[in-house]
Amino acid sequence: MAKRNRKYKVGKWQPEPGDAINLATIRWFAIMIEAKAIEIYGTNPLVYPKILNVLNDAFTSVSGISVKKPIADPGDCPPGWVTCGEDCAPRCMLGED
């Protein structure tokens, strides 16, 4: 989920020129990691524990990236996104709203 932060004085999400390419890059990596993990598993299911460890490490690493304190106002999320606790997301997961 995207973290809301106090980057802008208005408090609302404002697009930046590089947002589209940055988000596309993040999505590309996510798709490639998923495809490679599925390919490896399909070739040899016995390596599933190792794949799971790598994915857990990657998730933990990304989750550990420090972000500025989130804003609590629901109107601060990008268009089409909703407030889920302190985060913005396309949709809240069960129990997060």
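What you see is a predicted model; the values in this text were computed from it and never measured.
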Notebook entry, point to check: Linking Ile, Leu, Val, Met, Phe, Trp and Tyr through side-chain heavy atoms less than 4.5 Å apart, which residues share a cluster with Val54?
Noted result: none
Check: Should side-chain heavy atoms under 4.5 Å link Ile, Leu, Val, Met, Phe, Trp and Tyr, which residues sit in the same cluster as Ile38?
Finding: none
Notebook entry, point to check: What pairs of residues pass the side-chain hydrogen bond (donor to acceptor under 3.5 Å, both in side chains) test when at least one of them lies in residues 55-65, not counting sequence neighbours?
Noted result: none
Notebook entry, point to check: Residues two or more places apart in sequence or in another chain: which of them pass side-chain contact (heavy atoms from CB on, under 4.5 Å) with Asp19?
Noted result: Trp13, Pro15, Glu16
Check: Given the rule in the side chain to side chain contact (heavy atoms under 4.5 Å, CB included) test, do Val82 and Cys77 qualify, once you have shown the distances and angles that lead to the verdict?
Finding: CA-CA 6 Å; Val82 296; Cys77 294; over 6 Å; no
Next item on the list: Kindly write out the residues that satisfy salt bridge (Lys or Arg N to Asp or Glu O under 4.0 Å) with Lys36, not counting sequence neighbours, or none if the list is empty.
Entry: Glu39
Next item on the list: Give me the other members of the hydrophobic cluster that Met32 sits in, counting Ile, Leu, Val, Met, Phe, Trp and Tyr linked by side-chain heavy atoms under 4.5 Å, directly or via other members.
Entry: Trp28, Phe29, Ile31
Notebook entry, point to check: Can you hop from Trp81 to Leu23 via hydrophobic side chains spaced under 4.5 Å?
Noted result: no
Listed pairs under 3.5 Å, donor-acceptor, residues 44-51 side chains, sequence neighbours left out:
{"residue": "Asn44", "atom": "OD1", "partner": "Leu46", "partner atom": "N", "Å": "3.1"}

Notebook entry, point to check: Would a hydrophobic clustering, with Ile, Leu, Val, Met, Phe, Trp and Tyr connected at side-chain separations under 4.5 Å, put Ile26 with Ile33?
Noted result: no
